[in-house]
Amino acid sequence: MTTPQYWLMKSEPDDCSIDDALAAPEQTVPWTGVRNYQARNFMRDAMRVGDGVLFYHSSCPEPGIAGIARVASATRTDPTQFDPKSAYFDKASKKEAPRWLLLDVQALRKTRVLGLAEMREMPALEEMRVLQRGNRLSITPVTKGEWDAVVAQLA
DNA sequence: GCCAACGTTGGC
DNA sequence: GCCAACGTTGGC
């Protein structure tokens with residue numbers, strides 16, 4: 001039994017919002033489109049079923065945390081890398097050695113949006129990975145302290 | 001649309 | 001292995 005871990009996962013709401021995830025079967029969506037090795041390695045090497053996920057809306061009018069979710073599966077091959085019609089197609093990825101993985105994310109509840117500006121005002125989030133200058137990772141680790149502070153702020 | 005910041009690619 | 005050029009991310 002390992003201690004639960006916490007993550008923040010960015011999604012463009014035009015692509016998959018917290019509402020979309022809640023409306024999916026079992027409130028679960030395959031997290032397609034991760035095309036960054038560091039983020040992939042988090043999924044493959046560190047994320048475990050049951051880990052907490054802050055569901056973050058990016059590239060939208062109101063960026064911020066929009067819901068709470070959980071990791072719902074281990075990793076498997078992301079099929080969109082082999083689909084020439086997909087925006088996530090990767091012509092350099094070979095079937096016999098897929099580069100990209102996904103895992104399932106289960107939405108648990110929608111929250112009010114905890115916006116970026118409000119997050120930056122929270123002392124408990126001062127060192128939060130996603131808020132660091134220049135961060136572009138779509139999946140970042142969240143400490144228990146940060147998780148608790150976010151959940152309390154949303155309550 | 002702008003632009004800062006970063007990751008990846010590819011020539012050498 | 002270096003590093004310039006390029007593409008992408010993502011807030012504003």
Side-chain angles (χ1 to χ4, degrees), chain A residues 5-24 28-47 51-72 75-143 145-147 149-154:
Chain A
Q5 302 179 94
Y6 305 97
W7 308 91
L8 180 141
M9 300 178 80
K10 294 181 190 173
S11 182
E12 300 190 12
D14 284 349
D15 188 23
C16 180
S17 68
I18 185 72
D19 290 318
D20 295 334
L22 283 167
T28 299
V29 289
W31 206 264
T32 56
V34 171
R35 294 294 180 269
N36 170 286
Y37 288 104
Q38 225 180 320
R40 181 203 68 182
N41 293 348
F42 280 142
M43 292 197 291
R44 185 190 61 194
D45 303 333
M47 295 172 79
D51 282 0
V53 172
L54 301 174
F55 197 112
Y56 181 95
H57 284 174
S58 71
S59 293
C60 60
E62 202 181 359
I65 293 165
I68 305 291
R70 64 188 284 273
V71 175
T75 49
R76 61 181 181 277
T77 300
D78 180 348
T80 63
Q81 69 195 296
F82 301 123
D83 177 2
K85 293 189 296 298
S86 169
Y88 303 122
F89 178 61
D90 180 356
K91 65 176 178 350
S93 185
K94 300 280 172 269
K95 280 257 163 91
E96 58 277 16
R99 277 188 186 177
W100 306 115
L101 304 170
L102 58 71
L103 46 67
D104 289 330
V105 173
Q106 180 178 37
L108 297 177
R109 65 189 175 93
K110 183 180 184 174
T111 63
R112 72 177 177 90
V113 175
L114 179 58
L116 256 191
E118 189 177 353
M119 290 171 70
R120 292 191 191 283
E121 284 169 8
M122 293 171 59
L125 303 188
E126 206 169 355
E127 293 178 21
M128 195 175 191
R129 185 81 171 265
V130 76
L131 298 182
Q132 299 314 300
R133 177 183 176 79
N135 171 75
R136 288 190 343 191
L137 268 184
S138 63
I139 301 175
T140 48
V142 172
T143 66
E146 290 161 353
W147 174 273
V150 167
V151 169
Q153 189 80 2
L154 288 170

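Quick caveat: nothing in here was measured; it's all calculated off a predicted structure. Protein chains get the first letters and strands the later ones, always in sequence-line order, with residue 1 at the start of each.
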A:Glu118, CD atom: more than 12 neighbouring heavy atoms under 6.0 Å:
yes
Answer yes or no: are there more than 12 heavy-atom neighbours, outside A:Gln132 itself, under 6.0 Å from its atom CD?
yes
Measure from the side-chain N and O atoms of A:Gln38 to the backbone N and O of A:Leu137, and report whether any donor-acceptor pair falls under 3.5 Å.
no
Note: A:Pro84 and A:Phe82 closest approach over all heavy atoms is CD-O, 3.2 Å
Report, as a single string ordered 5' to 3', how protein heavy atoms within less than 4.0 Å touch nucleotides 6-12 of chain C: B base, S sugar-phosphate only, - not at all.
-BBBBSS
Does the separation of the ring centres of A:Phe55 and A:Trp7 fall below 6.0 angstrom?
no
